[in-house]
Amino acid sequence: MTTMRSKIEELLKKVEEFKPKDFTEIEDFRIKILGKKGELASLFEEFKGVSADMKKELGQKINLLKNTAIDKINELKNSLESVETVSSENIDMTRPGSNETIGTRHPISLVKNEITEIFSRLGFTTAEGPEIEDDWHVFSALNFPPEHPARDMQDTFFIEKNPDILLRTHTSSIQVRTMQSQKPPIRVVCPGRVFRNEAISYRAHCIFHQVEGLYIDEKVSFADLKQTILYFAKEMFGEASRIRMRPSYFPFTEPSAEVDVSCNLCGGKGCNVCKHTGWLEIMGCGMVDPNVLDACGIDSKKYSGFAFGMGVERISMLKYGVRDLRLYFENDLRFLQQFEFIV
Ligand code: PHE
């Protein structure tokens, strides 16, 4: 029976010296020693055949081994657990917080929202429409003669010819859709992205944004147009702003005008931005041509209206003093992060 005694003693030594690195090692060890087919089980099996005079001594030794093993394993598990809790709680509470960077709104969106918001105070609602249009909504309904240069391949991105499907060159197409679906009085602003086949430079891009507006009712006059635009200019560029109108031409308005606002940088005295004229061009406008009203199913004998249209990038450039239009499309965060808190 000396072999059994030495087996027990060897195992006891192993248990006492056991130094695990992690939970898996402890668990493996537990199965090896205390498991159903483990070393203790085979010792108990062997114990059955032990002679009566040795039973007492060896029985005590096996039980000691068993209890030591159980205690040791529990103790090891507990100590590992507490190390783990300490390390997950081991946070330096004095460390400064790291800022989450949240995005800022794009300066084009900011200005577009501001424009539609100013007109909403005058009772204008907002309408949107498709970027891919047909010839009728972009040109024909708006009194463009068939040979008008704006229909030319030079300006318009065509998607299909005959019948012509194209990328809208202005958001006037939304006004056409509004006139077709609503009865006067109509007061609507139409923001959106437009496309023109133009060379990209500091002042032009093939993709840009417009907000156009339309007011149709009985007895709408040019004076209403002028007052509306003056209100807009003051709200957008400051109370001291003045406007002037120069005669112009658009197929869909008669009479037509180009609107200038007094330069908000030099107060009208003349500077680099206004090219020493004191004035900045901000939009086109005019009284809706009766042909357009009739084409869109509105009685031009009963109703009249005015329309206007402006480039959002241009307004944004003038408002913020941005000198290159291409900056709006480069997605450089150093540029974009400057705007959110200005408006
Ligand atoms: N649709 C014109 C353009 O894109 C702008 C405009 C709108 C001018 C309404 C007059 C009246 O240039």
Side-chain angles (χ1 to χ4, degrees), residues 108 112 115-116 119 122 124 126-131 133-145 148-152 154-157 166-179 186-198 203-216 220-230 232-233 243-261 280-293 295-296 298 300 303-315 325:
I108 292 175
K112 184 203 77 182
I115 297 170
T116 54
F119 282 104
L122 296 173
F124 284 77
T126 300
E128 293 188 350
E131 293 180 343
E133 275 286 12
D134 52 31
D135 174 276
W136 195 81
H137 287 94
V138 176
F139 299 128
S140 296
L142 289 160
N143 201 33
F144 277 81
H148 195 280
R151 294 173 179 237
D152 203 293
Q154 302 264 313
D155 287 310
T156 310
F157 289 112
L166 42 98
L167 296 178
R168 67 183 177 198
T169 55
H170 52 185
T171 55
S172 306
S173 51
I174 308 174
Q175 284 145 267
V176 171
R177 289 178 180 278
T178 308
M179 284 187 273
I186 293 171
R187 257 177 299 188
V188 71
V189 280
C190 311
R193 191 159 59 157
V194 299
F195 307 85
R196 287 186 199 178
N197 195 358
E198 286 192 36
R203 59 195 300 260
H205 207 287
C206 55
I207 301 174
F208 59 102
H209 299 77
Q210 285 189 324
V211 176
E212 297 210 359
L214 177 72
Y215 175 33
I216 297 174
V220 175
S221 71
F222 202 92
D224 296 324
L225 168 62
K226 215 170 163 183
Q227 198 56 37
T228 304
I229 302 303
L230 179 62
F232 166 75
I243 59 163
R244 72 174 184 188
M245 288 181 165
R246 289 175 285 109
S248 186
Y249 172 78
F250 299 103
F252 35 88
T253 47
E254 183 59 37
S256 306
E258 215 82 60
V259 181
D260 295 340
V261 64
L280 301 161
E281 190 187 315
I282 54 165
M283 69 172 88
C285 66
M287 302 306 292
V288 181
D289 193 302
N291 287 347
V292 175
L293 296 175
C296 298
I298 289 172
S300 62
Y303 295 106
S304 57
F306 66 69
F308 56 87
M310 66 191 105
V312 181
E313 283 79 358
R314 172 140 184 93
I315 303 289
L325 184 106

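For ligands, and for the atoms within them, numbers begin at 1 and follow the listed sequence. Residues take their numbers from the sequence shown, with the count starting at 1. In this text, all values refer to a predicted model and were calculated from it rather than measured experimentally.
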field: Glu281 and Arg246: CA distance, side-chain angles, deciding distance, salt bridge (Lys or Arg N to Asp or Glu O under 4.0 Å) verdict
entry: CA-CA 10 Å; Glu281 190 187 315; Arg246 289 175 285 109; 3.6 Å; yes
message: Could you work out, with salt bridge (Lys or Arg N to Asp or Glu O under 4.0 Å) as the rule, every residue matching Glu131, not counting sequence neighbours?
response: Arg193
Show the distances, to 0.1 Å, for all pairs joining an N/O atom of ligand 1 and a protein N/O atom that are shorter than 3.5 Å, listing one pair per line.
| from | atom 1 | to | atom 2 | distance (Å) |
| --- | --- | --- | --- | --- |
| ligand 1 | 1 (N) | His170 | ND1 | 3.0 |
| ligand 1 | 1 (N) | Ser172 | OG | 3.1 |
| ligand 1 | 1 (N) | Glu212 | OE2 | 2.8 |
| ligand 1 | 4 (O) | Arg196 | NH2 | 2.9 |
| ligand 1 | 4 (O) | Gln210 | NE2 | 2.8 |

field: Intermediate values then yes/no, side-chain contact (heavy atoms from CB on, under 4.5 Å), Thr178 and Ile174
entry: CA-CA 6 Å; Thr178 308; Ile174 308 174; 4.2 Å; yes
query: Where do Val194 and Arg168 land on the side-chain contact (heavy atoms from CB on, under 4.5 Å) test, with the steps shown first?
result: CA-CA 6 Å; Val194 299; Arg168 67 183 177 198; 4.2 Å; yes
message: Going by the rule salt bridge (Lys or Arg N to Asp or Glu O under 4.0 Å), which residues pair with Glu133 if we only count those two or more places apart in sequence or in a different chain?
response: Arg177
- line: Residue set satisfying ring-ring contact (aromatic ring centres under 6.0 Å, His included) with Phe119, at least two apart, ordered chain then number -> Phe124, Phe232, Phe308
